[in-house]
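Okay, so here's the structure we're looking at.
Letters A, B, ... mirror the listed sequences (proteins, then strands); counts begin at 1.
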Amino acid sequence: MAKNSAAAADSATVTMASALNRAMREALSEDSSVVIFGEDVGPLGGVFRITDGLTRDFGENRVWDSPLAESGIIGTAIGMAMYGMRPIVEMQFDAFSYPAFEQVVSHVAKMHNRTRGAVRLPMVIRIPTSGGIGGVEHHSDSSEAYWTHTPGLTVVTPSNPADAYSMLLEAIRSDDPVIFLEPKSRYWMKEKSEGNLEPLPMNRARVVREGTDVTLIAYGPTVSVALETAELGTHEGLSVEVIDLRSLSPFDDETVGASVRKTHRAAVIHEAAQFGGYGAEVAARVTEREFYHLAAPILRITGADTPFPAPLLEKFYLPNPERILDSLSTWQWED
Amino acid sequence: MAKNSAAAADSATVTMASALNRAMREALSEDSSVVIFGEDVGPLGGVFRITDGLTRDFGENRVWDSPLAESGIIGTAIGMAMYGMRPIVEMQFDAFSYPAFEQVVSHVAKMHNRTRGAVRLPMVIRIPTSGGIGGVEHHSDSSEAYWTHTPGLTVVTPSNPADAYSMLLEAIRSDDPVIFLEPKSRYWMKEKSEGNLEPLPMNRARVVREGTDVTLIAYGPTVSVALETAELGTHEGLSVEVIDLRSLSPFDDETVGASVRKTHRAAVIHEAAQFGGYGAEVAARVTEREFYHLAAPILRITGADTPFPAPLLEKFYLPNPERILDSLSTWQWED
Amino acid sequence: MSIDLATPLPNVLPDDAPFRLIGDTGKAVPPKQRKGFELPSIETLSLIYRKMVVARRWDTQVTALTRQGRLSTYPSARGQEASELGTVIAMRPTDWLFPTYRDSIAVLTRGVPTAEILTSFRGDWHCGWDPHEYSTAPQVTPLATQLLHAVGLATAAKLKGDPIAAVTFIGDGATSEGDSHEAFNFAGVWQAPTVFVIQNNQFAISVPYSKQTRARMLADRAVGYGIPGFHVDGNDAAAVYAVVSSALERARSGGGPTMIECLTYRTEPHTNSDDPSRYRNSKEVDAWRAKDPIERLERYLLSEGALTDADRESINAEAEEGARAMRDALNKDPVLDPLELFDHVYFAERPALKEQREALASELASRGSAGRTGGGE
Amino acid sequence: MSIDLATPLPNVLPDDAPFRLIGDTGKAVPPKQRKGFELPSIETLSLIYRKMVVARRWDTQVTALTRQGRLSTYPSARGQEASELGTVIAMRPTDWLFPTYRDSIAVLTRGVPTAEILTSFRGDWHCGWDPHEYSTAPQVTPLATQLLHAVGLATAAKLKGDPIAAVTFIGDGATSEGDSHEAFNFAGVWQAPTVFVIQNNQFAISVPYSKQTRARMLADRAVGYGIPGFHVDGNDAAAVYAVVSSALERARSGGGPTMIECLTYRTEPHTNSDDPSRYRNSKEVDAWRAKDPIERLERYLLSEGALTDADRESINAEAEEGARAMRDALNKDPVLDPLELFDHVYFAERPALKEQREALASELASRGSAGRTGGGE
Ligand SMILES: Cc1ncc(C[n+]2csc(CCOP(=O)(O)OP(=O)(O)O)c2C)c(N)n1
Ligand SMILES: Cc1ncc(C[n+]2csc(CCOP(=O)(O)OP(=O)(O)O)c2C)c(N)n1
Ligand SMILES: [Mg+2]
Ligand SMILES: [Mg+2]
């Protein structure tokens, strides 16, 4: 299919979906220990078609459909990784990774530590994450706060095709297990900006737009929302810097700190519920480290503290540029 | 057994274990829809003996041993609650609630919202939580951050026998599902102070010691650590206020805010890993609301960002009074 | 739970061939092959037939409107009407049903109004009806989780002494989830009045049965829980009705749970957004379409002289009326109140949620919205 | 995974009576009752006997030291030696073992040094050995999770073409967990070279089998996954060894997984902190003590003239040596480096963890500690 043959360099013309597909193709080609399995990832190519064509091109012993059981998928991937393979598994949606919670938290995250480093689990858990596509209940959760609170997990999320490609390859090659969150609302967007992205290690945040008045800290699906906000902000005379975190765990204190020391104000934006969300960590740690540089508290503009709503209500739940700008106006800008 | 017949009023002489037992006895006596089941909660009385004697006194159809399957326990409790019962279930340790994560997050938390309030799930999930007893791997986790980030759950944790008694009764009578975290290191401690505790609704925090220089925000097992710190602090001329949160979700903004507006400095103390821990929410929201009253960033003195260590190393992991005092000294006290 | 060990435990396996009362050609099987089950009465079979026709018409209508983009998603149960309705019609109103996303026609047949079923598929809210009103739980998405709810509810009823049973549907794919195992096992040891109806439609989205399990049949699992297991032709409404009825009776009278595997086929895509051409060929689909459950029962009723032209007319009228009700329900603009987002998260009030509610209210007000608004873009 | 459908699927259930090769009184059962299994050679049985005696002595020693409070916990396997060692001795060093907290004597028999086994029970670290060195995974606590790891590892070996199998132990209680179901099912459909050894010791802490499941026997579950299931007398080391050996051979040669239920009994408390008087009477315990697996094999070897005084002497010497090694290991102060807390969380370096490591280092330094310290209070 055309979308798979597009080169990453030529990223202005590719979608995140095809960039991810291409990263997996490359990994399968270069390393025979890479395997892919999960629900519907074989002939169907996954419900989002991210593994499109991989069974056909690499065979059923490299890319295959597993039985329908997420704990089973993660648990067997652990055993495979213990035997030197590099499994990539897909959880169909965040909420359907929850049956595997014990395997992820008690084993994926802890095996390396448990064995004093003797056992490595080089595996990637891909999860199409977040909302914005009008999914019915359980199809729009953002699970990052559960994973990032769990020591032993590395959690990353790309916001554009170029990063999706390079970060997935890096995650597959990593000797640590990686939770790879794919913002499903971005799968089919053709991004404008990523053609000229510098390659960057997956554990670093990226300043995607420079500004001087305020730093918007975003990741995954909210990066484009932050960029829109920045654009809108110019009309109000606001110079907005936007950071794409890329890596949620570890957190890039350096890049974010530098920005905040420049702008003195920051807001973090995510889709997940606010209470105990990832934004709390961002706000707490940046405040801890940069308190005396902050002119105002770090705001969190996030999903509401409610379950993710039904499709027709999601627009009221998700952070949007107007709401973000409104929130910034609650700060005491004058002092 | 003597410890069950002690009255709550006489709480200076009871342990948290017997206070919890007494609350369940009372609930079983007053409401025939209350049932208790879980692993080993029957004739054994639970591995911590919290349900001691209840099967004997109320019969096997009120208090019984279930098969060994946590998702099964939570899932069947949901069905029972839908039919008008008030099940109390026990997860043997935090880490063993993880197999039930999907049932808790996707159903316990969401059923009321899903059905526009038509279905209530009045159930209590008791979890002996946290470390401090030299437990082997998986026996010392603190899972509160997972639950508190999940809209729909109410999460409370007592730190002393009197609260344990009144809060458990209130949780059982509540029409919302409640995660009830019991700090296992406190089960057998005879507290000195609780005889004169005012009854307080379970959703309110309590100022357990007044002070003027700094507010220590603690809950469950760290309340006694904070009180020790306060005592130690007096030798250094530090007047420490200690707050026992009691309710983690909802968070009592009022009580904490009032204290911080008085002391202008606060630290939150918990056992769980710091990154994305509950302390992040406390720091973020209190800073959001009280930024202009704060003289310094809110500190988090917590477990390390590592898996909970083996028994002989836990003392290096857990927050202790010396470490807390040391941390407070990193603040710029002079400005 | 006091455990009763008196009842003998079954340790036999089902036959290879699925149990039938009416064969492919619409002929009843000879009495000696009925394994002690009775052929349902003509009245019952006529009712099932009528409801199957109504259900199919309704399902076809929803599917069509979904294709037009007027619903956010809809998983069709076309071809599974015998399993769905043979089960539901065997139930009493006081028995509880725990359905999945696939089982809308079962929910419809339980008496839930069309508009209330559509609520979730259109995207107004997650569940549109009051489960207590119809003794019918919300249609569940997290696979296999509902089996435990059914076992819990059934156990509660048993403890209270209420003579009801809980029935739950589950797909072949979902039987691979750990929760299904836990539910079968809890039901067995607690002797919960539960009837597990496995609709083995041979696909879990794109994954065929052969990649799902190596079990000869799913009903072979029952023996591992000490409960009776049946392997039934899921396109024979008479067999489904008979086996479910007897399981329900056993359940209500203290005889414990039953596992019933209905062998059927998903002739449609998984949902409207699926593309089955990627994973199966149309010959197989055609072969199963030829085994249509409605036609089979129709042949039987015709051969018994139990389906007159007047009957057909009245059935068609009812079916058209159902389809019309569906279109009407969909034509009404959904009444959506964004502020309702905050109203049902907890039964108790929460100040912090009230704050968030007020924030949204003033946001909506400042945008010139009246607070109430139609949904969609 | 390419699915091979050629192998015929078993659909028979095990007999009521557990399979034996040597009866209670130490007599071999007649050849025609051996169901095609061979009685292991005298050499093999002698080796098993020797290792069982050594294991029990070791287990007794650990238990004693735990009672003295020198270990933080220890779950004894006394009485289960035939299941534990009949299994492990049938394995090759290259086969992988996935043990639980209960199976220390199996780990010991795999060749893991005492000190490395004690690491976790004393509380120095979660696992004391390098799993790759002994093809033996860490002893697992979250019940049933290890079955999936075994299936995954076995599948990886199969994909790589390595002729090894993965063996995993699981208790009766843990078979109620969803993960056990998922593991059996994955193993079946992937034909993973896995041998599941269920040690049905009839209790899960305080919960007896009758409250755990209504299944006649756990081996009845195998048919539901299309895999062979065996119900074996778990106190007959010969039967365990024979059935496990043939399962291993089948697994290594592409014949897929096997489920083996070993019926045995937990004669000791669950762990040192348990109080069995609360939930079972000592008569039952005594009856099972009388069926001691070591004595049974001893009788057989004696009747065959295969256990001389010299043998006994040498076995006892080995057993005492093992107990001594254990005491010695425990008498050495554990070398604990608190800073190691931060060293293995990730393979990659993390600046934030380094910060936390440095904070602890300076805290320790300021307390006058050298950074390295003995543990305990
Ligand atoms: C726990 C969980 N995992 C994955 C999914 C996504 N999903 C929805 S339907 C489906 C297939 C289910 O197949 P089956 O159980 O056979 O039911 P059918 O759709 O055929 O009726 C999958 C994988 C889900 N809903 N829940
Ligand atoms: C998921 C999980 N739930 C609960 C526990 C606590 N627990 C440890 S051992 C045990 C009983 C296990 O019984 P069984 O599987 O029969 O093994 P046995 O101890 O008899 O060898 C329980 C409940 C656990 N370790 N893991
Ligand atoms: Mg199906
Ligand atoms: Mg056991």
*If you look at every heavy atom in D/Val345 and A/Asn113, which pair is closest and at what distance?*
N-OD1, 3.9 Å
*Measuring heavy-atom distances to chain A, does D/Ser2 have an atom under 4.5 Å in its side chain, in its backbone, in both, or in neither?*
both
*Measure distances from A/Ala77 to the heavy atoms of chain D and classify the residue's part below 4.5 Å as side chain, backbone, both or neither.*
neither
*Look up atom OG in A/Ser32 and atom CG in D/Leu159, then write down how far apart they are to the nearest 0.5 Å.*
10.5 Å
_Tell me the closest heavy-atom pair linking D/Pro131 and A/Val119, and the distance in Å._
CG-CG2, 3.5 Å
*Pick from D/Asp343, D/Leu353, D/Asp162, D/Leu341: which one has the most heavy-atom pairs with chain A under 4.5 Å?*
D/Asp162
*Heavy-atom pairs under 4.5 Å with chain A are the metric here; pick the option from D/Arg350, D/Glu340, D/His181 that has the most.*
D/Arg350
*Measure D/Pro138 against the heavy atoms of chain A and call it side chain, backbone, both or neither at under 4.5 Å.*
side chain
*Side chain, backbone, both or neither: which part of D/Ala183 has a heavy atom under 4.5 Å from chain A?*
neither
*Who wins among A/Pro87, A/Gly72, A/Ser33, A/Ala109 for the most heavy-atom pairs under 4.5 Å with chain D?*
A/Gly72
*Does any heavy atom of chain D fall under 4.5 Å from the side chain of A/Arg285, the backbone, both, or neither of them?*
side chain
*Considering all heavy atoms of both residues, which atom of D/Ala348 and which atom of A/Asp176 are nearest to each other, and what is their separation?*
N-OD2, 2.9 Å
*asked:* The test is side chain to side chain donor-acceptor pair (under 3.5 Å); show your working for A/Arg114 and D/Ser120 and say whether it passes.
replied: CA-CA 10 Å; A/Arg114 175 180 302 144; D/Ser120 67; over 6 Å; no
*Nearest-0.5 Å distance, CZ of residue D/Phe347 to OG of residue A/Ser174*: 8.5 Å
*asked:* What verdict does the side chain to side chain contact (heavy atoms under 4.5 Å, CB included) test give for D/Thr145 and A/His107, after you've listed the backbone C-alpha separation in whole Å, the side-chain angles of each residue and the deciding distance to 0.1 Å?
replied: CA-CA 9 Å; D/Thr145 57; A/His107 291 306; 2.8 Å; yes
*asked:* For the OG atom of A/Ser71 and the CZ atom of D/Phe186, what is their distance to the nearest 0.5 Å?
replied: 8.5 Å
*Side chain, backbone, both or neither of A/Ser66 within contact of chain D (heavy atoms, under 4.5 Å)*: both
*Inter-residue atom distance A/His112.NE2 - D/His344.NE2, 0.5 Å rounding*: 8.0 Å
*asked:* Please classify the contact of A/Phe251 with chain D as side chain, backbone, both or neither, using a heavy-atom distance under 4.5 Å.
replied: neither
*asked:* For the CG atom of A/Leu68 and the CG atom of D/Asn185, what is their distance to the nearest 0.5 Å?
replied: 10.5 Å
*Does atom CD of A/Glu30 have more than 12 heavy-atom neighbours from other groups under 6.0 Å away?*
yes
*Between D/Ala192, D/Ala157, D/Ala166, D/Ala187, the one whose heavy-atom pairs under 4.5 Å with chain A are most numerous*: D/Ala157
_What part of D/Glu133 gets within 4.5 angstrom of chain A, counting heavy atoms only: side chain, backbone, both, or neither?_
neither
_Only pairs of heavy atoms separated by less than 4.5 Å count here; which of D/Asp130, D/Thr119, D/Thr155 has the most with chain A?_
D/Asp130
*side chain to side chain donor-acceptor pair (under 3.5 Å) evaluation trace for A/Gln103 with D/His149*: CA-CA 10 Å; A/Gln103 288 285 358; D/His149 309 166; 2.8 Å; yes
*Student check: side-chain heavy atoms of D/Trp190 and A/Pro67 closer than 4.5 Å*: yes
*Mind listing the closest non-hydrogen atom pair of D/Tyr346 and A/Gly152 along with its distance?*
OH-N, 2.9 Å
*Which atoms of D/Glu177 come close to chain A, meaning under 4.5 Å heavy atom to heavy atom: side chain ones, backbone ones, both, or neither?*
neither
_Test side chain to side chain contact (heavy atoms under 4.5 Å, CB included) applied to A/Met85 and D/Lys160, step by step_ = CA-CA 9 Å; A/Met85 306 207 102; D/Lys160 292 194 177 189; 4.1 Å; yes
*Is it the backbone or the side chain of A/Ser249 that comes under 4.5 Å from a heavy atom of chain D, or both, or neither?*
both
_Top contributor to chain A contacts, counting heavy-atom pairs under 4.5 Å, from D/Glu182, D/Met1, D/His126, D/Gln146_ = D/Met1
*Of all of A/Arg116, A/Arg120, A/Glu254, which one pairs up most often with chain D through heavy atoms under 4.5 Å apart?*
A/Arg116
*What's the spacing between A/Met82 CE and D/His132 NE2 if we round to 0.5 Å?*
6.5 Å
